[in-house]
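In what follows, a structure is listed as structure tokens, so that the remarks can point back to it.
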There are 2 protein chains.
Amino acid sequence: MAPQTPTSQNQPALGECACMNLRKTARLIAQFYDQRLQPGGLRNTQFTLLVVLDHLSPVSIKNLADHMGMDRTTLTRNLRLLERDNYITAQPGKDARVRMISATGKARVAIKETQPYWQKAQGEFLQKFGEERWTEMREDLTEISRIVTSQD
Amino acid sequence: MAPQTPTSQNQPALGECACMNLRKTARLIAQFYDQRLQPGGLRNTQFTLLVVLDHLSPVSIKNLADHMGMDRTTLTRNLRLLERDNYITAQPGKDARVRMISATGKARVAIKETQPYWQKAQGEFLQKFGEERWTEMREDLTEISRIVTSQD
DNA sequence: TGACATAAGATGTATATACACCTAAAAAGA
DNA sequence: TCTTTTTAGGTGTATATACATCTTATGTCA
């Protein structure tokens with residue numbers, strides 16, 4: 001009889017784990033984009049936040065967090081850095097609990113300067129992966145986001 | 001003439017951004033799994049690391065980092081926590097620069113205890129998303145990982 | 001062999017992420 | 001109205017992530 005290996009038997013088929021696979025690819029693509037965005041001076045997280053903010057301004061933290069699939073408290077910490085660097089400003093909302101966040105002119109300048117590098121990274125990715133394939137995959141990602149956030 | 005909105009024109013089509021879409025879905029699915037793994041006492045990152053380690057033990061940090069799509073220094077910090085809690089041990093390799101990492105018995109116990117919760121989360125996801133669809137999507141994710149890590 | 005390049009790992013620093021918990025304000029009900 | 005619940009946001013704490021840089025060990029090659 002063959003000796004047992006010291007590792008566990010009947011292990012979870014982690015190779016199929018949705019969490020592991022998505023997180024791994026997300027790490028790698030974040031590194032890919034960050035490398036290419038570097039000359040523009042913004043990391044992918046902040047670039048994304050500023051572009052979204054520029055579209056939604058003024059917007060509450062709650063709404064922005066939902067839009068980004070981020071915990072509210074994560075967004076609070078991320079926004080603090082953007083506020084420190086004068087990329088955003090906050091005004092009180094009609095509802096006194098709410099801070100309405102807006103992108104500043106400095107943010108729009110930074111977006112404009114970083115945008116070509118993003119375009120290049122995105123183009124490089126689309127050229128290699130296929131635009132149509134990516135369009136389909138985006139639908140899959142949206143479906144997954146819907147599934148894991150649905151209350152049932 | 002319609003007044004210009006204060007936001008920038010000709011903005012990047014961020015809705016198609018591969019980085020943003022993958023990171024957003026990765027955040028959401030990590031929350032989904034972490035909620036369901038909670039009774040088992042391990043978060044998704046550590047559960048994943050331990051299962052992989054249990055398969056690859058003993059393994060160098062470099063090899064494990066490549067396998068996980070993680071920066072070596074990220075893995076060093078993650079492993080430190082696992083070592084603190086006696087889930088892993090390290091032995092010097094033949095190459096004196098290398099630390100060979102192994103999962104402990106405590107790790108295998110923790111894996112066994114968490115595994116049912118992972119199975120439930122994975123089953124819930126597969127049931128809603130579709131097993132076949134997920135199999136195809138895993139190929140897409142693998143292809144993306146390959147694309148963004150290829151040297152050209 | 002000795003000089004140089006490369007590789008493995010750790011550390012300093014900074015950002016990213018989210019849970020538990022707290023405060024204040026608004027909404028809902030009695 | 002007044003009590004209760006819900007909601008928006010912030011804080012304390014802990015983990016997750018990675019770049020720049022350092023140290024040490026290995027590999028390369030003249």
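Chain A is the first sequence line, chain B the second, and so forth, proteins listed ahead of strands; every chain is numbered from 1.
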Regarding [X] and [Y], does a basic nitrogen lie under 4.0 Å from an acidic carboxylate oxygen?
{"X": "B:Glu143", "Y": "A:Lys128", "result": "no"}
{"X": "B:Arg80", "Y": "B:Glu83", "result": "no"}
{"X": "B:Glu113", "Y": "B:Arg108", "result": "no"}

Residues [X] and [Y]: side-chain donor-acceptor under 3.5 angstrom:
{"X": "A:Tyr33", "Y": "A:Gln122", "answer": "yes"}
{"X": "A:Thr89", "Y": "A:Ser102", "answer": "no"}
{"X": "A:Gln119", "Y": "A:Gln115", "answer": "yes"}

Between B:Arg27 and A:Lys94, which has a closest nucleotide on DNA chain C that is more 5'?
->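 Nearest nucleotide further toward 5': that of B:Arg27.
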
Ignoring backbone atoms, test whether A:Thr76 places a side-chain nitrogen or oxygen under 4.0 Å from the OP1 or OP2 oxygen of D:dG9.
->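 So the side chain of A:Thr76 is outside the cut-off, no N or O lying under 4.0 Å from OP1 or OP2 of D:dG9.
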
Is A:Arg80 near enough to D:dG10 that one of its side-chain N or O atoms lies under 4.0 angstrom from OP1 or OP2?
->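 It does not, given that no N or O in the side chain of A:Arg80 lies less than 4.0 Å from OP1 or OP2 of D:dG10.
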
Tabulate atom names and distances for all N/O pairs under 3.5 angstrom spanning the protein and nucleotides 21-25 of chain D.
from: D:dA25; atom 1: N3; to: B:Arg97; atom 2: NH1; distance (Å): 3.4

Would you say B:Met68 and B:Thr48 make side-chain contact, with heavy atoms under 4.5 Å?
->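 The answer is yes, as the side chains (C-beta and beyond) meet within the 4.5 Å cut-off.
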
With nearest nucleotides of DNA chain D determined for B:Asp85 and B:Thr74 from heavy-atom distances, which residue corresponds to the more 5′ nucleotide?
->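 Closer to the 5' end of DNA chain D: B:Asp85.
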
Interatomic distance, A:Asp71 CG vs D:dG10 C1' [rounded to whole Å] =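 So the two atoms are 12 Å apart, to the nearest Å.
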
Interatomic distance where CD belongs to A:Gln35 and C1' belongs to D:dA20 [whole Å] =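 Rounded to whole Å, this separation is 14 Å.
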
Name the first nucleotide and the last nucleotide along DNA chain C (5' to 3') that come under 4.0 Å of a heavy atom in chain A.
->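 Listed 5' to 3', the contact boundaries are C:dT15 to C:dA26.
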
With a non-hydrogen cut-off below 4.0 angstrom, is A:Arg77 in contact with a base, only sugar-phosphate, or nothing?
->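 Result for A:Arg77 = base.
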
Does B:Arg43 make a cation-pi contact with B:Phe47 (under 6.0 Å, within 45 degrees of the axis)?
->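 Geometry flag: not set, cation outside 6.0 Å or 45°.
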
